[in-house]
Trainee: 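Got a structure here, written out as structure tokens. Questions coming.
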Amino acid sequence: MADERSPHRIAKLLARAGVASRREVERMIAEGRVAKDGVVIDTPATVLASLDGVTVDHQPVAAAEPTRLFLFHKPTGVLTAERDPAGRATIYDRLPKDLPRLVPVGRLDLNTEGLLLLTTDGELKRQLELPATGVERSYRARAYGQISQAQLEELIHGIEIEGIRYGAIDANLERRTGANVWIEMTLREGKNREVRRVLEHLGLRVSRLIRTRYGPFVLGDLPVGDIGEVRVADLIAFRQTLKAAARQRPPVADVAVPGSRSAPASRVSTTARPTAGGSRVAAGARSGAQLRSAPTPRPGGASQPSRAAAGAPAKAPGNVPLSPRPAAKPAARAAEEQPLTPQRPARIKRQPGWAKPKPKPGARPRGRK
């Protein structure tokens, strides 16, 4: 848990102290129920180093206790909520009365059973729920219908259903029992009703759904309706792995969009596409090798590439043997040493027959009677 003497917003500190959730604390502040040394706090963005002198409804707030984490085997037919306007049973009706104030990590539907994490720390709850942390959740689903392992393996690439994109899902076909199949699914996002919607999209009808794992915490043999607490040492080790995973996550590489002005310089080509007036070479790309490989003009206006540019071996003087052909140069260097486009000579010597002389005024054109 973070040091309570480090500066934090008042809403975060009160949530850690177990007063209420952040949303409820913000509502309390808007109603003027939170004060600091007798002065009413009017914004949840107020930064404090500790809760000394902070009161809620004129009652002093105790310092936050060490974080605690519980594993609860949620049965079917109960809501993951503090209260229900319709009067239905909630998880708090099944929990022992001597427990501290607990907030659920994520939610399980009314008819979904299995592992539900409960904690006293709102910050830990947020870390476990965020998809960015990549905490895995595992489920076992019993569904009616026909499905193959090949179809389930396609979910590893993600799927889009009614405009909602679901991330990669590792799904495996466990066994068949009559017309039903048991499927094990592991995912990292945990969107609302994600498992049921994905399986229904594949043509299955889910009749039972059990969450068996959340991160390193497994349901195991915990009886239905019972609760167990995670040891402090295991909780500290788990929070350290969350911090290490965040530090070791590789940075996202820059993506250069074609035609974008913000493209990285390393991705810009060193040579440009030749234009009608000649070839355009990037600054610094024209070297001495390029100048030596340029074509040499012939008398009469035509030009002929040199033997070195054409790739022909040079003649060796005397009986000196030719040296072996050097190894092929890299593609980038070969592109830089391509011969330039032949340029037209500055002075052109007119050859006979290029143009007929203009007839003299009054003279009869030749070839006509």
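The figures that follow rest on heavy atoms only: side chains count, while hydrogens, waters and symmetry mates do not. This one's a predicted model, so the numbers in the text were calculated from it and none came from an experiment. Residue numbers start at 1 and run along the sequence shown.
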Trainee: Can I get a per-line list of side-chain donor-acceptor pairs under 3.5 Å for residues 90-98, giving both atom names and the distance, sequence neighbours left out?
Mentor:
{"unit_1": "Thr90", "atom_1": "OG1", "unit_2": "Tyr92", "atom_2": "N", "d": "3.4"}
{"unit_1": "Tyr92", "atom_1": "OH", "unit_2": "Leu102", "atom_2": "O", "d": "2.7"}
{"unit_1": "Asp93", "atom_1": "OD2", "unit_2": "Thr90", "atom_2": "N", "d": "3.0"}

Trainee: Who passes side-chain hydrogen bond (donor to acceptor under 3.5 Å, both in side chains) against Arg83, sequence neighbours left out?
Mentor: none
Trainee: Among residues at least two apart in sequence or on other chains, which ones pass side-chain hydrogen bond (donor to acceptor under 3.5 Å, both in side chains) with Glu123?
Mentor: Arg22
Trainee: Holding to ring-ring contact (aromatic ring centres under 6.0 Å, His included), I want the full list of residues that pass it with Phe238, two or more places apart in sequence or in another chain.
Mentor: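 In terms of ring-ring contact (aromatic ring centres under 6.0 Å, His included), with neighbours along the sequence ignored, Phe238 is linked to Phe217.
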Trainee: For Ile236, which fellow cluster members are found when Ile, Leu, Val, Met, Phe, Trp and Tyr are connected by side-chain heavy-atom distances below 4.5 angstrom, either directly or through intermediates?
Mentor: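 Its cluster partners, ordered by chain and number, are Val232.
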Trainee: Return the set of residues passing side chain to side chain contact (heavy atoms under 4.5 Å, CB included) with Asp221 (not counting sequence neighbours), or none when no residue passes.
Mentor: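 Applying side chain to side chain contact (heavy atoms under 4.5 Å, CB included) to Asp221 gives none.
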Trainee: Show, in sequence, the C-alpha distance, side-chain angles and deciding distance for Asp52 and Ser50, and conclude whether the side-chain hydrogen bond (donor to acceptor under 3.5 Å, both in side chains) test is met.
Mentor: CA-CA 6 Å; Asp52 296 340; Ser50 67; 3.2 Å; yes
Trainee: Can you name the residues that form a side chain to side chain contact (heavy atoms under 4.5 Å, CB included) with Asn172, not counting sequence neighbours?
Mentor: Gln149, Asp170
Trainee: Return yes when atom CD of Glu24 has more than 12 non-hydrogen atoms of other residues, nucleotides or ligands closer than 6.0 Å, and no otherwise.
Mentor: yes
Trainee: For Thr212, which residues count as a side chain to side chain contact (heavy atoms under 4.5 Å, CB included) partner, sequence neighbours excluded?
Mentor: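 With sequence neighbours excluded, Thr212 shows a side chain to side chain contact (heavy atoms under 4.5 Å, CB included) to Ser138, Arg140, Ile210, given in chain and number order.
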Trainee: More than 12 heavy atoms of other residues, nucleotides or ligands under 6.0 Å from NE2 of His157: is that the case?
Mentor: yes
Trainee: Could you pull out all residues at least two apart from Glu113 that satisfy side-chain hydrogen bond (donor to acceptor under 3.5 Å, both in side chains)?
Mentor: Arg208
Trainee: Is the CZ atom of Arg9 crowded by more than 12 outside heavy atoms at less than 6.0 Å?
Mentor: no
Trainee: Mind checking who shares a hydrophobic cluster with Leu110, ILVMFWY linked at side-chain heavy-atom distances under 4.5 Å?
Mentor: Leu79
Trainee: Partners of Asp57 by side-chain hydrogen bond (donor to acceptor under 3.5 Å, both in side chains), sequence neighbours excluded?
Mentor: Arg33
Trainee: For Ala86, give me all partners under side chain to side chain contact (heavy atoms under 4.5 Å, CB included), at least two apart in sequence or on another chain.
Mentor: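 Result, side chain to side chain contact (heavy atoms under 4.5 Å, CB included) vs Ala86: Asp84, Arg88.
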